[in-house]
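We number each residue from 1, following the sequence as shown.
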Amino acid sequence: MSITEKVNLTTGSGWGSGPCVGNTGSVPRLGIPALCLQDGPNGVRFTDFVTHFPSGLAAASSFNKELIYKRGKAIGREHKAKGVHIALGPSIGPMGLKAKGGRNWESFGSDPYLQGVLGAATVKGIQEEGVVAVAKHLVGNEQEHFRQVGEWDHGDYDRLDSSISANIGDRAMHEVYLWPFADVVKAGVGGVMCGYNMVNNTYACENSYLLNYLLKEELGFQGFVVSDWGAQHSGVTSALSGLDMTMPGEVFDDWLGGKAYWGPLLTRAIYNQTIPQERLNDMASRILAPFFAMKSIQLPSEEEIPNFSSWTHHTYGQQFPYQHYGAIVQQNWHVDARSEINDEIGLELARQAVVLLKNKNRHLPINKDDGVRRLLVAGLAGGNDPNGFNCRDQKCTDGTLTSGWGSAAVNNPWVITAQEAISKKARERGITLDISEDNWDLERTEELADFADMTIVVVNSASGEGYIDVDCNYGDRNNVTLWHNGDELIERVTCHCKRVVVVVNAVGPVNMEKWIEHDHVVAVLFVPPTGQFVGAAIAEVLFGEVNPSGKLPFTIARKNSHYVDIRDSLGDCVDPQDNFERGVYLDYRFFEKHTIRPRFEFGHGLSYTKFSVSDLDICEINPPAEYLPCPPDYLPLSKTIQDDVCDPEDALFPHDEMDPVPGVIYPYLYSENIRSLEDDDCYDYPKGYDPDQKCEAPLAGGASGGNSALWETLYKVSAKVTNEGSMAGNYVAQLYIEFPSTIVASPPKVLRGFDKIFLQPNECGDVEFDVKHRDLSIWDADSQQWIIQTGTYKLYVSTSSRKVELCGEIEIGC
């Protein structure tokens, strides 16, 4: 490949300059089309006839590894059917450090182990369907406020000089924030997306320590690193620091302006030897590697291109609609990517995502024979948003929530609302039904509640990505209270009805203290964004057609002060610093450390049946070693790619062959429509950058996912679960481990396994956990290695992070 051909793969062609949200250049000489990168983690964004799958948070609530793998395959199938080559998902960051974080609903809860296992299952599913997965966001993207300079032009944003810096300690980086990325790298993920924020005061997409060392050396990542859209802030620095692909191609907040850090400037940097050709070869090789490394993924042919446009739903339109340029062409073929099996997967995951938080005196499931002859469904969150259920990026929140808003949102083909599904179930059972959707004029609601045998109040709380604000919530939530006067609605209803069921349809924790202990609040459901099937899942659980089995993937606190707050003001600074002071003690670990009793703990979730757990067995498979073995040395540098020694004049824009499209980024030199950002040839290399090929892998590295020994199973743990009740159902067994503090103090317990089993009444079955070397390790910052401490390790088979069923020990000696 020539220099311009390789540069064309690395640089996006520009926002709106292709059918997908991200489009690379093509290499026609070799039959390589422009690669299509499309959101996202919950289904195919910006198109029609696709399934809106339950969100990452809903997937986490299910605690079902096998079902999430199937979800990944279904998402991969639909991306493939739409002609997408690279799917931007799964989200394994944010980690959920902050309860009000805008994008928490996209990822898999507030525990690194949970995120890692579910992220890996998703990657395997997507890539087995022939689509490259991209895990995001690396790393520390825990809030939306101040993520980008110029994103908003009000308040403190006017004074913002740089993106917020997530300041993460070495141990927390390894044991928490980088942990799930090791899982997806081990699973063979093709791409990793670096985030908008700074990490320890260097932008994530030009942080050599983060990309070159932690990701590519310690974790042995062989694929490509792509920037979040506009997260690149330099040309040469980002290339040398480990960025391999820039999206969408131009500079943030200047879409279609023709300004690019790469494209022709990267070509120039190669020719003037500011960047060595070996680095460009590495970038191009990493981008192409996923298409050759896996049997399930093939390099697309020139015919395997997207059959939709992200920019219009019309069948025909101008080729470049944002630029108002080009001929009228077919833009959408309206291919139906859905299938019966995908619907089944989406619905089953929605069912298993519903969490029963409270069920006083077993008032659920609803039964007409128990005196529920007249039912009231109250709250606008149970019905259709008056703006429809497909406003752009799902920022309509005045109805049943299918998702948060932003790039992970998917167009709904249809939505089953809670109100619709409950109404259908009530009619089938001969139950009289009333509806009240006004959350502010409550007199009518109170009147209807007076006559109701049971009232179901549906309330919500939403958030999303930072480029959209909803009611002055700039991505992140302003608070953890219910939206749309929800708290007052519940309080007023409880004064008029003795059996009130609250359904909280939300993107994360909400404060329930105003009403949770009220005698008339007999049951509470938590329902994360579950896509188009949300109402069906709610109704089936309420009426007992489905036994709830969801578990909270985060902690709900009693006091707002127990949450980490959003940094939403600058104070005297212009470069906001976000110090991750809780270190490894996030979510339930913080509550356990400080003996704080939460309202509902991580892993909590009730059932309509009763389970018992017995017969704990701990079997040693491999004797644990305190230290990791040294990894093998790197292979010698093999000169398999020849440098391009052609004349720089060969890289000039071929005006005699093509006319430049306005705003499109090309790789050629002296292109008339590209304005240079950097005319100064003087350059200081990034801190820590070493151009020399290393011979030895770091002790923690040496293979995909890190040192191979980290992935060896040391112990197998099993227990017997019996369904002692009268209803079939799923049980989630959770394994927590308490570490000794021989070297450093650790959280009182950390999640290190979970297993979900379905049992009929009086049936018993086994749950099993594999405890790997890394599951017993702590990161020692002084020696820069994973260490298994000597001492006693306590193992807890639990129903939640606070409710232990069985306890055992393993002793690891000197």
Side-chain angles (χ1 to χ4, degrees), residues 36-45 50-82 84-93 105-109 113-137 180-193 223 290-291 293-298 337-353 403 407-410 528-533 553 704-705 754-756:
C36 162
L37 293 82
Q38 192 74 4
D39 298 298
N42 307 313
V44 191
R45 184 190 184 197
V50 293
T51 306
H52 188 177
F53 292 95
S55 66
L57 190 68
S61 298
S62 78
F63 275 73
N64 190 323
K65 297 184 285 263
E66 290 75 18
L67 190 53
I68 288 156
Y69 162 72
K70 291 179 181 179
R71 170 183 177 267
K73 287 182 73 68
I75 289 172
R77 278 194 295 269
E78 297 204 358
H79 277 85
K80 185 73 172 178
K82 286 293 185 177
V84 175
H85 310 130
I86 300 171
L88 302 173
S91 293
I92 51 174
W105 64 276
E106 297 182 26
S107 57
F108 300 112
Y113 181 91
L114 182 66
Q115 289 236 29
V117 171
L118 302 189
T122 303
V123 165
K124 289 178 181 178
I126 290 173
Q127 297 194 157
E128 284 179 7
E129 295 299 323
V131 178
V132 176
V134 174
K136 58 182 186 176
H137 306 85
F181 285 93
D183 285 277
V184 295
V185 171
K186 178 69 174 176
V189 70
V192 167
M193 182 189 293
F291 297 99
M294 289 167 274
K295 292 181 181 179
S296 59
I297 300 176
Q298 309 296 323
R338 299 170 298 171
S339 66
E340 188 174 318
I341 189 171
N342 287 4
D343 277 355
E344 291 172 358
I345 291 167
L347 177 56
E348 182 58 27
L349 186 54
R351 291 164 172 158
Q352 295 197 27
S403 74
S407 62
V410 179
T530 45
Q532 66 195 54
F533 304 100
S704 291
F754 56 94
D755 197 9
K756 193 165 193 174

Measure across A58 and A353 and return the closest heavy-atom pair with its distance rounded to 0.1 Å.
O-CB, 3.3 Å
Separation of S55 OG from L349 CG (nearest 0.5 Å)
8.5 Å
Can you check whether P41 reaches F53 side chain to side chain, under 4.5 Å on heavy atoms?
no
Any side-chain to backbone donor/acceptor pair from H79 onto A87? Under 3.5 Å, distance only.
no
Decide yes or no for F108 and L57: does some side-chain heavy atom of the first lie under 4.5 Å from some side-chain heavy atom of the second?
no
Side-chain donor/acceptor of K756 to backbone N/O of S62, under 3.5 Å:
yes
Would you indicate whether the side-chain heavy atoms of V192 and V134 approach each other to under 4.5 Å?
no
K80 side chain near I126 side chain, heavy-atom distance below 4.5 Å
no
Taking F533's backbone N and O only, do any of them form a donor-acceptor pair with T530's side chain (distance below 3.5 Å, no angle check)?
no
Residue pair E344 / E340, side-chain heavy-atom distance below 4.5 Å
yes
For residues S61 and P553, report the shortest heavy-atom separation together with the two atoms involved.
OG-CD, 3.4 Å
R71 side chain to P54 backbone, donor-acceptor under 3.5 Å
yes
Are the side chain of Q115 and the backbone of S107 linked by a donor-acceptor contact shorter than 3.5 Å?
no
What I want to check is whether the side chains of E106 and N42 have a donor and an acceptor closer together than 3.5 Å.
no
Within 45 degrees of the ring normal and closer than 6.0 Å to the centroid, is that where the cationic atom of K65 sits relative to F754?
yes
If we count only N and O atoms by modelled type, under 3.5 Å, do the side chains of Q127 and S296 hold a donor and an acceptor together?
no
Any chance you could measure D183, atom CG, to K186, atom NZ, to the nearest 0.5 Å?
10.5 Å
SB check K73 E129 (cutoff 4.0 Å):
yes
Considering all heavy atoms of both residues, which atom of N342 and which atom of A337 are nearest to each other, and what is their separation?
ND2-O, 4.1 Å
Ignoring hydrogens, what is the shortest heavy-atom contact between G119 and I92? Give both atom names and the distance.
CA-CG2, 3.9 Å
Inspect the contact between R338 and E78 and indicate whether a charged nitrogen and a carboxylate oxygen are less than 4.0 angstrom apart.
no
Minimum side-chain heavy-atom gap V44-V410 below 4.5 Å
no
Any donor and acceptor pair, going by atom type alone, linking the side chain of Q532 with main-chain N or O of T51 inside 3.5 Å?
no
Whether the side chain of H85 engages the backbone of C36 through a donor-acceptor N/O pair (distance < 3.5 Å, no angle test) should be reported.
yes
Between P529 and W105, the two heavy atoms sitting closest are CG-CB, 4.3 Å
Rounded to the nearest 0.5 Å, what separates atom CG in L67 from atom CG in L118?
10.5 Å
Heavy-atom pair with the smallest gap, counting every atom of G76 and V131:
O-CG2, 3.6 Å
With side-chain contact (heavy atoms from CB on, under 4.5 Å) as the test, would you mind laying out the steps for Q352 and L347 before giving the verdict?
CA-CA 9 Å; Q352 295 197 27; L347 177 56; over 6 Å; no
